[in-house]
Participant: 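Take this structure, written in structure tokens, and hold onto it; I'll ask about it next.
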Amino acid sequence: MRAESENPPGNEAMAAAVARADLEDMGLEVTEHEGAPGRPSLIARCGSGRPVLGYCSHLDVVPAGDRADWDEDPYGARVKDGRLYGRGSGDAKGPIAAALEAVAAIIEGGVPLAGTLELELVADEEAMGFKGAGELVARGVMAPDLAIVGEPTSLRVVRAQRGASWFRLTTRGRAAHGSAPERGVSAIAHMAAVIEHLPDTLPVIDHPLLGGPTLSVGTISGGVKVNVVPASCTIEIDRRTVPGESAESVRASIEEAVELARARYPDLRVDVDVPVHCKPFEIPASAPVVTAMAAAVAEATGSPGELAGFRGASDARFLFEAGAEVIVCGPGDISVAHTADEHMELDELERGAVAYALAFTSLLASGGAG
């Protein structure tokens with residue numbers, strides 16, 4: 001964690017160097033892949049042949065923010081009262097540490113693997129992963145049959161994840177002097193009508209693990225000066241999706257809100273752009289990677305492995321779309337990720353390492369999932 005890897009700007013090189021040294025100390029051959037200059041992702045493999053079990057987690061972290069908000073140095077990696085403090089301790093350098101400990105135990109124990117364990121330590125997840133896992137999947141560098149994505153889930157086994165679509169809407173009006181608004185067309189007033197109708201167009205879906213779709217207007221900007229009728233206004237929308245929705249259906253719901261606003265403003269003009277569309281996914285509770293991970297968590301913790309859904313996005317979506325049977329699971333509490341004084345309980349980190357080791361060996365045992 002002392003190796004700063006904040007994204008933005010995306011300086012994963014130092015963290016990658018630390019992880020690479022650990023992997024090479026285990027005797028693993030490591031290859032480095034850049035999705036952008038100075039933005040390395042690492043691939044290391046243990047064993048050979050199929051099936052390929054990928055363990056994917058990310059080297060980047062969100063910015064620490066104002067250091068005055070922290071009681072601990074965000075890059076001090078201080079251990080206090082059984083907790084490891086620092087940015088990335090949970091999201092997701094802690095899960096990576098647990099996975100590396102698990103692999104070290106497998107190698108030191110001489111545990112035979114009937115297949116390949118592929119460690120995929122990637123860049124850029126905190127910016128939606130297009131320069132990390134997305135790039136490596138697109139190039140065919142990452143193509144596992146089974147995959148475990150390391151994120152802080154409190155060791156819950158996530159078999160369903162919401163998707164994320166980001167929309168940018170711009171209304172076009174006509175500028176005029178603020179003293180004579182009737183001579184212009186207010187793009188802000190038109191946008192306000194669109195925003196008013198956005199919640200009305202969310203489909204009514206109740207997924208058992210993920211709940212329903214959500215929508216949040218995250219940014220808004222418009223106008224040039226207080227005494228000028230605004231000729232344009234732009235908003236950005238974060239639209240979270242659940243299985244059963246498609247890119248087409250999500251866009252249609254946004255455009256429905258536009259049409260409802262047009263009933264009030266017939267001269268409404270709106271440009272709709274979708275810079276990001278990430279699909280949701282779900283795999284069966286009976287899938288081998290689910291049952292193996294749940295059994296491993298139960299053995300490591302003494303409590304039944306809990307199946308869950310993940311409301312946020314992760315790199316799991318890239319692996320799912322590439323054909324992998326994928327789950328999300330790792331030590332750490334998502335509620336303290338991205339916060340000041342982010343931390344990881346060391347006992348849970350150790351339980352995570354044990355659970356990973358058990359799951360890796362179970363899925364790659366002779367006669368296992370392959």
Participant: Is it true that a side-chain atom of Thr116 and a backbone atom of Glu118 form a donor plus acceptor pair closer than 3.5 Å?
Facilitator: no

Participant: Which heavy atom of Gly129 sits nearest a heavy atom of Phe318, and at what distance?
Facilitator: O-CE1, 3.8 Å

Participant: Residues in ring-ring contact (aromatic ring centres under 6.0 Å, His included) with Phe310, at least two apart?
Facilitator: none

Participant: Would Val149 and Leu349 show up in the same hydrophobic cluster when neighbours are defined by side-chain heavy atoms closer than 4.5 Å?
Facilitator: no

Participant: Would you say Leu358 ends up clustered with Ile107 if hydrophobic residues are merged whenever their side chains have heavy atoms under 4.5 Å apart, either directly or through other cluster members?
Facilitator: no

Participant: Looking only at atom types and distance, does a side-chain atom of Asp60 sit under 3.5 Å from a main-chain N or O of Glu125, one as donor and one as acceptor?
Facilitator: yes

Participant: Given His58 and Glu151, is the side-chain hydrogen bond (donor to acceptor under 3.5 Å, both in side chains) satisfied, shown in steps?
Facilitator: CA-CA 9 Å; His58 59 96; Glu151 292 282 354; 3.2 Å; yes

Participant: Check the pair His197 / Glu259 against side chain to side chain contact (heavy atoms under 4.5 Å, CB included), numbers first and verdict last.
Facilitator: CA-CA 9 Å; His197 289 292; Glu259 290 307 310; over 6 Å; no

Participant: If you measure only the distance, is there a donor-acceptor pair under 3.5 Å linking the side chains of Thr219 and Glu236?
Facilitator: yes

Participant: Less than 4.5 Å apart, any side-chain heavy atom of Val328 and any of Gln161?
Facilitator: yes

Participant: Just do the side chain to side chain contact (heavy atoms under 4.5 Å, CB included) check on Lys279 and Glu321 with the steps written out, would you?
Facilitator: CA-CA 8 Å; Lys279 297 178 183 177; Glu321 291 177 24; 3.5 Å; yes

Participant: Looking at Glu12 and Ser5, would you say the former's side chain and the latter's main chain have a donor-acceptor pair under 3.5 Å?
Facilitator: no

Participant: Count the heavy atoms belonging to other residues, nucleotides or ligands that lie under 6.0 Å from CG of Asp200, then report whether that count exceeds 12.
Facilitator: yes

Participant: What about Val242 and Val250, same hydrophobic cluster or not, with Ile/Leu/Val/Met/Phe/Trp/Tyr joined at side-chain heavy-atom distances under 4.5 Å?
Facilitator: no

Participant: Specify the closest pair of heavy atoms between Ala357 and Thr361, including all atoms of both residues, with the distance to one decimal.
Facilitator: O-OG1, 2.9 Å

Participant: Give a yes or no answer on whether the side chain of Asn227 reaches the backbone of Ser179 with a donor-acceptor pair at less than 3.5 Å.
Facilitator: no

Participant: Is there a donor-acceptor contact under 3.5 Å linking the side chains of Thr214 and Arg162?
Facilitator: yes

Participant: What are the two closest heavy atoms between Gly150 and Ala92, and how far apart are they?
Facilitator: O-CB, 3.7 Å

Participant: Mark yes or no for whether Ser154, through its side chain, and Arg156, through its backbone, hold a donor-acceptor pair below 3.5 Å.
Facilitator: no

Participant: Could you give me the CA-CA distance, side-chain angles and deciding distance for Ser165 and His277, then say whether side-chain hydrogen bond (donor to acceptor under 3.5 Å, both in side chains) is met?
Facilitator: CA-CA 4 Å; Ser165 292; His277 175 70; 2.6 Å; yes

Participant: Check Ile235 against Leu198 and note the closest heavy-atom contact, atom names and distance.
Facilitator: CD1-CD1, 4.4 Å

Participant: To the nearest 0.5 Å, tell me how far Thr170 OG1 sits from Met191 CE.
Facilitator: 6.0 Å

Participant: Do Ile237 and Trp166 have side chains that get closer than 4.5 Å, going by heavy atoms?
Facilitator: no

Participant: State, yes or no, whether a side-chain contact exists between Thr234 and Ile220 at a heavy-atom distance under 4.5 Å.
Facilitator: no

Participant: Can you give me the closest heavy-atom contact between Ser253 and Thr201, atom names plus distance?
Facilitator: O-OG1, 3.0 Å

Participant: Less than 3.5 Å apart, any donor N or O on the side chain of His343 or Glu72 sitting next to an acceptor on the other?
Facilitator: no

Participant: Kindly determine whether Val158 and Ile327 satisfy side chain to side chain contact (heavy atoms under 4.5 Å, CB included), including the steps that lead there.
Facilitator: CA-CA 5 Å; Val158 171; Ile327 59 167; 5.8 Å; no

Participant: Between Lys93 and Ser57, do the side chains contain an N or O donor and an N or O acceptor separated by less than 3.5 Å?
Facilitator: no

Participant: Would you call Asp271-Arg172 a salt bridge at under 4.0 Å N-O?
Facilitator: yes

Participant: So Glu282 and Arg159, do their side chains get closer than 4.5 Å, heavy atoms only?
Facilitator: yes

Participant: Between Glu245 and Pro213, is any pair of side-chain heavy atoms under 4.5 Å apart?
Facilitator: yes

Participant: Could you check whether any side-chain heavy atom of Pro95 comes within less than 4.5 Å of a side-chain heavy atom of Pro331, counting everything from C-beta outward?
Facilitator: yes

Participant: Taking everything shown except Glu29 itself, do over 12 heavy atoms lie less than 6.0 Å from its CD?
Facilitator: no

Participant: Are the side chain of Arg39 and the backbone N or O of Gly10 linked by a donor-acceptor pair below 3.5 Å?
Facilitator: yes

Participant: Is the shortest side-chain N to carboxylate O distance from Asp124 to Lys131 below 4.0 Å?
Facilitator: no

Participant: What's the spacing between Met14 CE and Leu59 CG if we round to 0.5 Å?
Facilitator: 12.5 Å

Participant: Measure the spacing between OG of Ser314 and CZ of Phe281 and express it to the nearest 0.5 Å.
Facilitator: 6.0 Å

Participant: Determine yes or no for a side-chain-to-main-chain donor-acceptor pair under 3.5 angstrom, with Thr171 supplying the side chain and Ala187 the backbone.
Facilitator: yes

Participant: Only counting residues at least two apart or in another chain, list the ones meeting ring-ring contact (aromatic ring centres under 6.0 Å, His included) with Phe167.
Facilitator: none

Participant: Where does the angle between the aromatic ring planes of Tyr265 and His190 fall among parallel (under 30°), tilted (30 to 60°) and perpendicular (over 60°)?
Facilitator: tilted

Participant: Shared ILVMFWY cluster between Ile334 and Val61, side chains joined below 4.5 angstrom?
Facilitator: no

Participant: Given side chains that start at C-beta, do those of Arg45 and Leu28 come closer than 4.5 Å, heavy atoms only?
Facilitator: no

Participant: Is it true that, when you exclude Arg183 itself, more than 12 heavy atoms of the residues, nucleotides or ligands shown sit nearer than 6.0 Å to its CZ?
Facilitator: no

Participant: Test salt bridge (charged side-chain N to carboxylate O under 4.0 Å, His left out) on Arg67 and Asp69 and set out the steps.
Facilitator: CA-CA 5 Å; Arg67 305 296 173 97; Asp69 293 335; over 6 Å; no

Participant: Can you tell me if CZ on Arg264 sees more than 12 non-hydrogen neighbours from other groups inside 6.0 Å?
Facilitator: no

Participant: Between Met344 and Asp333, is a side chain to side chain contact (heavy atoms under 4.5 Å, CB included) present by the stated rule, with each step listed?
Facilitator: CA-CA 7 Å; Met344 167 76 77; Asp333 184 350; over 6 Å; no

Participant: Please answer: with hydrophobic residues joined when any side-chain heavy atoms are less than 4.5 Å apart, are Val258 and Val185 in the same cluster?
Facilitator: no

Participant: Can you tell me how far apart CD1 (Ile205) and CG (Leu210) are? Round to the nearest 0.5 Å.
Facilitator: 10.5 Å

Participant: Are any side-chain N or O atoms of Arg87 and backbone N or O atoms of Val62, one a donor and one an acceptor, separated by less than 3.5 Å?
Facilitator: yes

Participant: Does the Ser362 side chain pair with the main chain of Ala292, one donor and one acceptor, at a distance under 3.5 Å?
Facilitator: no

Participant: What heavy-atom pair brings Met128 and Cys278 nearest, and what distance separates the two atoms?
Facilitator: CE-SG, 3.4 Å

Participant: Does atom CZ of Arg20 have more than 12 heavy-atom neighbours, drawn from other residues, nucleotides or ligands, at distances under 6.0 Å?
Facilitator: yes

Participant: Return yes if some donor-acceptor pair links the side-chain N/O of Trp70 with the main-chain N/O of Gly86 below 3.5 Å, else return no.
Facilitator: no

Participant: Contact between Glu342 and Asp91 at the side-chain level, heavy atoms closer than 4.5 Å - yes or no?
Facilitator: yes

Participant: A cation-pi test, strictly: NZ or CZ of Arg2 under 6.0 Å from the centre of the six-membered ring of Tyr85 and no more than 45 degrees from its axis. Yes or no?
Facilitator: no

